[in-house]
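This chain uses plain numbering: 1 for the first residue, then up along the sequence.
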Amino acid sequence: MLSALDRLLTALPEDTPVLLVAHSTTQATNALLEGDTAWIGVLALGPARDERRVRRVTQPPAGLKAEWAFVSSDGPDVETRLRSQLEQWRGAGIQAVAISEAFGVDDRSLEQRAGEIARGLGLPVTLGSDLSGSYGLEMRTLGAAINASILPTMLRTAQHVRQVVSTRLPGVPLLIIRGDGGAASLRAFEETPLHTVVSGPAASLGGAILQEGLMDGVFFEVGGTSTNIGAIKDGRPVLSYMTVLGVPTGLRAVDIRIAGVAGGSLVRLGKRQIEEVGPRSAHIAGLPYASFARPEQLRDARLIEVTLPGQDTGHYALLETPSGERFAITPTCAANALGAIGETGRAYGNEVSARMALALLAGRLGASVEAAATAVLEASAEKLVTPIRELIKEHGLQGLPLYGGGGAASVLGPVMARRLGVPFQTLPNADVISSIGAALAVIRVERERSVTRQDPTVADLLEREVGDEAVRLGADPASLRIETEYLAAEGRLRAVAVGAHPLSAQTRVLGEDDLHAQARLVLGDSAHLVFGGRYHSLFTASIERRGLFGRHVRHPALVLDQCGVRLLRFDDAEVLSGTPAQVLSDLERLLVSPVAPQVAALTPARLSDFAHLHDPVLLRQHLHDRLRLEGHVALIVRQET
């Protein structure tokens with residue numbers, strides 16, 4: 001990292017001020033993949049009568065070196081018993097602990113006290129309720145265990161990163177990219193490093209969205225060994241709940257599919273055809289690409305088929321020169337042999353060398369150079385279009401564009417797009433799109449709570465919690481915006497706080513005309529602005545449909561943030577805007593059913609979803625309490641269909 005930072009600082013124009021360092025790291029992912037985990041203790045808490053049930057659902061994940069213990073929460077001297085167990089573990093050499101209590105999301109006090117004792121003994125600790133606010137003791141505990149298992153390694157990494165940055169750039173703030181595409185302070189990395197899993201792909205998606213303003217489509221980033229594939233919908237990366245080591249964690253991150261094929265993958269041969277491209281790559285095998293060699297280096301080379309170390313079956317095609325030097329045949333070589341990469345492309349090589357390599361492969365296959373090169377690209381694309389089709393189906397992205405990043409995007413992108421029947425676009429600066437995403441990332445905090453009853457205070461407390469946490473992690477309070485969303489199927493309320501670092505510039509903030517253009521893309525030409533705040537704009541439209549039973553008019557509603565990201569969309573809604581007293585008075589005529597309609601409230605700084613409140617009396621009272629100090633507000637009321 002130090003050498004990379006030094007090269008970057010050397011390349012900057014003299015006297016360029018550095019205001020912020022953003023770091024995207026794969027350290028957490030690598031630690032889990034390589035088994036670089038600590039010996040941990042999993043401390044389960046709960047009533048004594050529930051010990052058997054708690055024991056069953058809180059056992060550490062397979063693959064971790066862990067001890068387990070139970071401390072009843074309802075017996076005498078709880079704190080003494082907690083301290084005794086933690087001291088015993090520390091003496092035995094336990095390196096970190098995970099602490100989780102049954103129904104700990106309702107009352108976190110005992111978890112937090114146990115955490116204080118552990119930290120006082122010098123043990124890094126993860127609390128289950130810190131990772132997730134949803135019910136599900138097993139999910140919270142196992143997620144906490146995995147996070148605790150990488151804490152010691154991450155603390156060492158954080159210390160190294162802090163030292164490097166403070167040495168070269170004293171006083172400059174440092175942000176770490178998270179797996180959900182947001183950023184947080186280094187302190188958050190030290191506490192919950194599990195949040196940084198897939199942070200690299202998340203940064204790439206963020207760069208594509210923030211730099212290019214992408215709204216919908218599939219984005220892939222081709223490396224040398226593997227390709228990451230993600231989806232963009234409504235101007236945001238599609239997120240999903242992470243499963244790590246086969247365990248659901250309750251944390252959300254970008255929904256990334258990883259395929260073992262890329263620009264540097266090796267070609268594996270069958271009897272008369274290409275068996276597969278990848279998963280081995282020239283990079284892992286330590287081989288140069290044939291297309292980047294000089295033609296004289298490949299003179300009199302022959303095609304050989306080798307079984308690489310750690311490989312049970314199959315033969316990879318390589319070139320070997322009379323001197324014994326070996327070169328890889330890759331998809332990049334195939335694309336160069338076909339002249340499919342322009343001279344400005346990052347994967348552009350020597351076409352003569354590439355054709356020499358593909359001619360030897362063609363002889364083995366009994367085909368022309370063009371046919372052999374095409375077969376390599378088609379076999380590569382085949383491994384990529386399957387996960388892309390899965391993403392398209394799962395997230396409703398049929399017919400939307402395919403966007404490419406990474407140095408070899410221009411190699412595989414056109415072949416994949418043709419197979420999928422969609423347009424393809426290589427992004428500018430595709431090879432460094434991840435770094436751009438890291439530089440433009442904002443601080444983001446997301447929390448969920450299980451909602452089992454109608455309680456207006458849940459949303460208030462959750463919004464306060466994410467807002468306070470975002471500020472603690474470095475967000476400028478003046479830039480903070482908070483949105484809530486009710487997930488009816490799961491019975492969860494989700495709150496997301498987003499804010500800029502005080503020294504970071506807001507990127508791609510759209511003007512009024514551009515926001516109108518984005519709204520017209522969704523709502524049609526009749527879209528018009530009905531409410532504009534500091535961070536949000538509300539548009540509605542009138543869409544007439546004629547059918548067998550006459551004329552029907554829908555009034556769709558759309559909320560965009562200042563960068564054009566779509567935050568809320570109703571197919572048919574009534575919008576009430578004005579002072580709080582006016583909108584609440586107008587709402588009365590819509591509260592005629594025993595079950596309240598779905599209502600979202602928009603203020604200059606917040607978008608809140610109140611769909612979890614079904615009782616009209618509770619909804620009315622909560623809206624009054626939340627809006628009474630605002631000057632101008634809007635209510636969006638979903639119409640029954």
May I ask you to test the [X]-[Y] pair for a side-chain heavy-atom distance under 4.5 Å?
X      : Y      : answer
Leu169 : Leu9   : yes
Leu521 : Met215 : no
Gln297 : Thr321 : no
Val496 : Val445 : no
Ile433 : Phe219 : yes
Asp234 : Val565 : no
Leu214 : Leu427 : yes
Leu131 : Thr249 : no

Closest approach of [X] to [Y] (non-hydrogen atoms, all atoms of both residues):
X      : Y      : value
Ser185 : Ile176 : O-CG1, 4.4 Å
Phe327 : Tyr289 : CD2-O, 4.1 Å
Met154 : Pro193 : CG-CB, 3.1 Å
Ala381 : Val415 : CB-CG1, 3.6 Å
Leu391 : Asp255 : CD2-OD2, 3.9 Å
Gly278 : Tyr316 : O-OH, 3.6 Å

To the nearest 0.5 Å, how far apart are CG in Leu360 and CZ in Arg355? 12.5 Å
Applying the side chain to side chain donor-acceptor pair (under 3.5 Å) test to Glu221, which of Ser434, Ser226, Ser204 qualifies? Ser204
Output yes when Glu275 and Arg268 qualify as a salt bridge under the 4.0 Å nitrogen-oxygen rule, no when they do not. no
Between Arg178 and Asp180, does at least one N-O distance fall below 4.0 Å, as a salt bridge requires? yes
Listed by chain and number, what are the side chain to side chain contact (heavy atoms under 4.5 Å, CB included) partners of Gln159, not counting sequence neighbours? none
Any luck finding a side-chain donor-acceptor pair between Thr225 and Ser281 under 3.5 Å? yes
Return yes if a side-chain donor-acceptor contact under 3.5 Å exists between Thr153 and Arg156, otherwise no. yes
